[in-house]
Number of protein chains: 2
Amino acid sequence: MEHRHMDGVQKNAPKKRKTTWKKDPAAVKEDILTVATEAFAAHGLSGANINEIAEKTSTSKRMIYYYFGDKEGLYRSVLERVYSSLREIEQALNVADLEPIMALRRLTEATFDSHVKNPQFIRLVMIENIHNAEYARKSDVIPTLNKAIIEKLADVCTRGKAAGVLRDDADPLELHWMTSSASFYNVSNKATFTTSFGNRLFTEEGQKRIRNRVVDMVLGAVVIDYLPRKGG
Amino acid sequence: MEHRHMDGVQKNAPKKRKTTWKKDPAAVKEDILTVATEAFAAHGLSGANINEIAEKTSTSKRMIYYYFGDKEGLYRSVLERVYSSLREIEQALNVADLEPIMALRRLTEATFDSHVKNPQFIRLVMIENIHNAEYARKSDVIPTLNKAIIEKLADVCTRGKAAGVLRDDADPLELHWMTSSASFYNVSNKATFTTSFGNRLFTEEGQKRIRNRVVDMVLGAVVIDYLPRKGG
DNA sequence: TGACAAATTAACCGCAAGGTACATAAAAAG
DNA sequence: CTTTTTATGTACCTTGCGGTTAATTTGTCA
């Protein structure tokens, strides 16, 4: 009971505490995670500020520590949540009954588009890479999440080779690497690329061209006698 | 350096100051920049610690502030320095007297290799992108640096089209985008990619394959009737 | 209805880390 | 040789921010 700094004069008159509130743990957690996701994606692990996060939630800083332990715990939860939500999108994709080349085209386009649509995810993955993926690696869900897309690509490869339309050195993992690299970079490096070269490739037009280019590159790498369409 | 708890004896005895030293501003600045580059590349702008940086230099924290003003100033200097040093590498590359396709192959390979060889640069660019390139944009050298590579590609395109070996929609900036995206991602996302899919693509073998794939992708996108070689 | 656990609030703490004050040696200027 | 400017060293200050303490309310279950 040491009010050491209250020498004498009414310093720190206690704010009136809220007299009533509802219990809603799930909503509180969600609220915190939503705000924290934005903060970590914007400023990174060390750059994000717990006090600021707390202010933007409808609850208090104490609750963050109550539910997530510490800053790192909060970050880990954010990471897992955003990884998981993206996996759902990937799993929803159904190309099993398209013919192989069309399936591959669709998968590539879908990957490209989902990257464009989820910049927050991209930023968090960038941040993870800065940290050498140490938090993703600690997670026991994240390392298992991306299997879905690889399986789909593997299926396409198998079918494509059987049909004689894909080169027999086509490899699902390499295919994913190619698609990912283009799709990821397109979002992750937009800022510096624009700084160096202007935004010509990042207008609506430019992005359409790039998207087609990516498809052509990927198909061109594995489809036998692939003929890219002309122009953008 | 806590002298506070040395109760009684020798409390706060000022450390004997170095009685003699040489002036060497240039070396001191270089020393600081070298250490700071490592620190910022490893931990980002907010994550890097000025005290730690100071300890690793052969000089004192005071000098960091003397020469660079504040943390942000130091970061900006680091950024400009690594950008500039990479530009020199690019400029040294001479492909003007190779035939167009070979020239393009060499440029692509060189870009891929230089990314692999300069992970610190990659990390700093990643960090800049997290910050929406605000510091790179403020710089008055960085935005002008990457012109060299584009000019080389433009020359190759012109010659290639004239010789009838390159598609007439081949575009230097797009070519650079393709090469960069693959080369950059290969380094920047190694950690998370490995976490998800194992390190098969990052062994010596795997990297050779990837490198060849990248060349094939780029050439395949612009060379008329390009025939990729088989296998890895 | 009252004990107990779970959820929430406001206030506080410690210290790490960015930044500064001040003294002084080395070199340059005059 | 004196003065001034540049470069350096040591100690220190301030506060932002991650994390805690302690009290209080809400809901549950004997």
Side-chain angles (χ1 to χ4, degrees), chain A residues 1-7 10-32 35-36 39-40 43-78, chain B residues 1-6 10-33 35-36 39-40 42-76 78:
Chain A
M1 260 296 147
E2 279 273 51
H3 286 234
R4 265 195 248 161
H5 301 295
M6 297 180 64
D7 20 6
Q10 261 295 357
K11 198 170 171 183
N12 280 346
K15 234 179 262 175
K16 197 122 177 211
R17 132 178 318 208
K18 255 188 222 169
T19 56
T20 181
W21 40 271
K22 279 284 281 290
K23 280 195 177 187
D24 193 350
V28 168
K29 276 197 234 178
E30 255 312 287
D31 181 24
I32 293 173
V35 175
F40 284 126
H43 310 295
L45 175 49
S46 51
N49 181 318
I50 294 277
N51 290 307
E52 273 178 31
I53 292 175
E55 272 165 33
K56 286 181 187 163
T57 65
S58 52
T59 177
S60 67
K61 177 163 69 160
R62 180 65 184 80
M63 297 311 291
I64 295 175
Y65 287 95
Y66 185 68
Y67 285 121
F68 302 99
D70 58 8
K71 196 185 191 181
E72 190 183 311
L74 178 60
Y75 174 78
R76 281 212 313 270
S77 300
V78 162
Chain B
M1 297 276 151
E2 281 279 40
H3 286 230
R4 250 187 255 162
H5 301 297
M6 298 176 62
Q10 271 283 6
K11 193 170 176 182
N12 275 349
K15 231 180 262 172
K16 196 114 176 220
R17 131 180 319 211
K18 260 186 220 168
T19 55
T20 182
W21 37 271
K22 278 283 285 293
K23 279 195 176 190
D24 194 350
V28 167
K29 275 198 235 180
E30 256 311 288
D31 181 24
I32 293 172
L33 284 173
V35 175
F40 284 125
H43 310 294
L45 175 50
S46 51
N49 182 319
I50 294 278
N51 290 306
E52 273 178 31
I53 292 174
E55 273 165 33
K56 287 180 187 162
T57 66
S58 52
T59 177
S60 66
K61 177 162 70 158
R62 177 71 185 76
M63 296 313 291
I64 295 175
Y65 288 95
Y66 184 70
Y67 285 121
F68 302 98
D70 57 9
K71 197 185 191 182
E72 189 182 312
L74 178 60
Y75 174 77
R76 280 211 313 270
V78 162

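Below, chains carry the letters A, B, ... as their sequence lines are ordered, and counting in each starts from 1.
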Rounded to whole angstroms, how far apart are CD1 on A/Ile64 and P on C/dT8? 13 Å
I need the CG-P distance between A/Asn51 and C/dC12, as an integer number of Å. 16 Å
Phosphate-side-chain proximity, A/Ser60 and C/dT8, N/O vs OP1/OP2 below 4.0 Å: no
B/Met63 CE - C/dG19 C1' separation (whole Å): 15 Å
Which of residues 65-74 of chain B sit near DNA chain C, with a heavy atom under 4.0 Å from it? B/Tyr65, B/Asp70, B/Lys71
Return the value, rounded to whole Å, for the distance between atom CD1 of A/Ile50 and atom P of C/dC13. 21 Å
Restricting to pairs with a member in residues 62-78 of chain A, which pass salt bridge (Lys or Arg N to Asp or Glu O under 4.0 Å), not counting sequence neighbours? A/Glu72-A/Arg76, A/Glu72-A/Lys138
Strictly below 4.0 Å: does A/Asn49 bring a side-chain N or O up to OP1 or OP2 of D/dG18? yes
Can you tell me the distance, in whole Å, between the CD1 atom of A/Ile53 and the P atom of D/dC17? 12 Å
Rounding to an integer number of Å, can you tell me how far A/Lys61 NZ sits from D/dG18 P? 7 Å
From D/dG18, D/dA7, C/dT8, pick the nucleotide closest to the side chain of A/Val28? C/dT8
Round to a whole Å and report the spacing from CG of B/Asp31 to C1' of D/dA7. 15 Å
Starting at CD of A/Glu55 and ending at C1' of C/dA10, how long is that distance when rounded to a whole Å? 14 Å
Those residues that, when tested against A/Tyr75, pass ring pair (Phe, Tyr, Trp, His ring centres under 6.0 Å) (two or more places apart): A/Phe40, A/Tyr135
A/Arg62 has its side chain closest, among D/dT8, D/dT21, C/dG18, to D/dT21
What nucleic acid atoms does A/Ala48 come within less than 4.0 Å of, heavy atoms only: base, sugar-phosphate, or nothing? sugar-phosphate
Is there a side-chain contact between B/Thr59 and the phosphate of D/dG9, meaning an N or O under 4.0 Å from OP1 or OP2? yes
